[in-house]
Amino acid sequence: MTKAQLIEAMSQKVTHLTKRQTEMIVNTIFNSIRQSLANGGKIEIRGFGSFKLRSRRMREGRNPKTGSQVHVPAKRVPFFKAGKELKEIVNG
Amino acid sequence: MRKADIANEVYERVGISKKEAAEIIETVLNTIKSVLQKGETVKIAGFGNFVVRSKRARKGRNPKTGQEIGITPRRVVTFRPSQVFKKFVNQS
């Protein structure tokens with residue numbers, strides 16, 4: 001399912017709002033999660049899971065094509081951990 | 001950040017009541033969960049993909065007692081953040 005399909009499915013369930021509004025809501029949800037992580041926050045959605053940032057140290061990498069060494073700087077990556085309910089659902 | 005904070009963002013941006021925002025967020029999460037339940041991937045442009053992966057049976061160990069235990073095959077949800085998301089949390 002893509003975001004467009006999610007918005008479509010939502011607008012069929014939430015009939016009293018326009019599709020435009022539904023689209024704004026879906027976008028706001030993901031944007032606010034992104035923004036919160038960028039600000040160093042942590043998101044916990046009960047029944048679904050949590051998002052946080054994990055740090056990666058700097059390392060020396062290699063360009064697989066040319067074999068030349070490249071410097072990979074330290075960075076942060078978004079990490080999602082599935083919640084209990086979600087874990088159970090996919091195993092149902 | 002929790003569900004109520006996301007509902008607050010939706011309330012401020014879209015102008016629907018906080019209660020309604022909370023309900024719609026719940027519906028979005030449930031829709032995503034039911035897609036994942038089917039083993040299908042959920043792709044959110046600019047955010048990332050939620051993918052269901054299958055794990056084979058393997059032997060594990062109780063780290064406390066050292067006793068060997070069998071881990072049954074299972075499905076797990078992994079999240080692969082998009083390039084946009086990864087860049088977003090690394091701009092300072």
Side-chain angles (χ1 to χ4, degrees), chain A residues 1-10 12-14 16-17 20-54 56 73-83 85-92, chain B residues 1-16 20-21 23-50 52-55 72-82 84-92:
Chain A
M1 178 183 255
T2 63
K3 191 171 78 177
Q5 289 165 335
L6 173 63
I7 292 165
E8 186 59 49
M10 286 302 298
Q12 274 164 28
K13 286 179 192 171
V14 192
H16 62 289
L17 296 180
R20 180 88 193 82
Q21 283 175 307
T22 308
E23 185 177 0
M24 256 174 87
I25 294 167
V26 171
N27 284 331
T28 302
I29 294 171
F30 294 112
N31 287 345
S32 59
I33 293 175
R34 243 176 27 183
Q35 190 60 55
S36 170
L37 273 193
N39 296 343
K42 192 172 119 180
I43 298 98
E44 273 185 63
I45 305 171
R46 205 171 306 158
F48 190 74
S50 59
F51 293 90
K52 49 180 125 173
L53 286 183
R54 287 204 167 165
R56 297 273 178 266
K75 61 186 164 196
R76 303 187 295 176
V77 291
F79 180 79
F80 172 74
K81 189 171 176 229
E85 199 194 315
L86 181 56
K87 279 186 187 172
E88 285 168 2
I89 276 176
V90 297
N91 274 298
Chain B
M1 181 183 231
R2 308 186 54 182
K3 229 181 301 191
D5 304 303
I6 302 175
N8 210 36
E9 290 272 330
V10 171
Y11 156 76
E12 279 171 14
R13 272 174 206 270
V14 190
I16 54 173
E20 192 177 15
E23 281 167 8
I24 294 176
I25 291 166
E26 203 59 48
T27 311
V28 169
L29 295 172
N30 286 338
T31 306
I32 294 174
K33 279 195 266 192
S34 67
V35 172
L36 293 174
Q37 184 173 29
K38 287 187 276 179
E40 215 181 287
T41 298
V42 177
K43 300 183 192 181
I44 309 294
F47 191 75
N49 299 349
F50 293 93
V52 180
R53 304 193 57 202
S54 297
K55 299 276 197 180
T72 53
R74 63 192 63 211
R75 299 200 296 174
V76 294
V77 177
T78 57
F79 173 69
R80 292 191 46 108
S82 75
V84 175
F85 195 174
K86 286 198 257 184
K87 278 210 181 110
F88 196 78
V89 297
N90 280 294
Q91 47 190 217
S92 44

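Chain letters run A, B, ... following the sequence lines, proteins first, then strands; residues in each count from 1.
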Determine, step by step, whether A:I45 and B:I6 satisfy the side-chain contact (heavy atoms from CB on, under 4.5 Å) criterion, reporting the C-alpha distance in whole Å, the side-chain angles of both residues, the deciding distance to 0.1 Å, and the verdict. CA-CA 10 Å; A:I45 305 171; B:I6 302 175; 4.1 Å; yes

Heaviest contributor of heavy-atom pairs below 4.5 Å to chain B, chosen from A:A4, A:P73, A:S36, A:A9, is A:S36

Would the A:F51 and B:F85 ring centres measure less than 6.0 Å apart? no

If we only count heavy atoms from C-beta on, is the A:V14 to B:E23 side-chain gap below 4.5 Å? no

Taking all atoms of both residues into account, what is the closest heavy-atom pair of B:K86 and A:P78, and its distance? CG-CD, 4.0 Å

May I ask you to name which of A:K81, A:R76, A:E44, A:R46 has the most heavy-atom pairs under 4.5 Å with chain B? A:R76

How long is the span from the CD atom in B:E9 to the CD1 atom in A:I25, to the nearest 0.5 Å? 13.5 Å

Given a strict heavy-atom distance threshold of 4.5 Å, which part of A:K42 is in contact with chain B: side chain, backbone, both, or neither? backbone

Below 4.5 Å from any heavy atom of chain B, which atoms of A:L53 appear? Answer side chain, backbone, both or neither. side chain

Interface moiety of A:Q5 toward chain B, non-hydrogen atoms closer than 4.5 Å: neither

side-chain contact (heavy atoms from CB on, under 4.5 Å), that's the test. Do B:V84 and A:R34 meet it? Break it down for me. CA-CA 10 Å; B:V84 175; A:R34 243 176 27 183; 3.7 Å; yes

If you count heavy-atom pairs within less than 4.5 Å of chain B, which of A:I29, A:N39, A:N31 leads? A:I29

Could you tell me which portion of B:V35 (side chain, backbone, both or neither) has an atom closer than 4.5 angstrom to a non-hydrogen atom of chain A? side chain

In terms of heavy-atom pairs under 4.5 Å with chain A, which of B:I25, B:D5, B:T78, B:T27 leads? B:T27

How far apart are the C-alpha atoms of B:R80 and A:F80, what are their side-chain angles, what is the distance that settles it, and do they pass the side-chain contact (heavy atoms from CB on, under 4.5 Å) test? CA-CA 8 Å; B:R80 292 191 46 108; A:F80 172 74; over 6 Å; no

So which of A:I33, A:N27, A:I7, A:T22 has the largest heavy-atom pair count under 4.5 angstrom toward chain B? A:I33

Once salt bridge (Lys or Arg N to Asp or Glu O under 4.0 Å) is applied, what residue pairs with a partner in residues 35-45 of chain B remain, sequence neighbours excluded? none

Side chain to side chain, A:L6 and B:I44, heavy atoms closer than 4.5 Å: yes

Engaged part of A:V26 at the chain B interface, taking heavy atoms whose separation is under 4.5 Å: side chain

Counting C-beta onward and ignoring hydrogens, is there a side-chain heavy-atom pair between A:L17 and B:I24 closer than 4.5 Å? yes

Look at the side chain of B:K33 and the backbone N and O of A:G47, then say whether any donor-acceptor pair between them is shorter than 3.5 Å. yes

Heavy-atom contact with chain A under 4.5 Å, split by part of B:T31: both

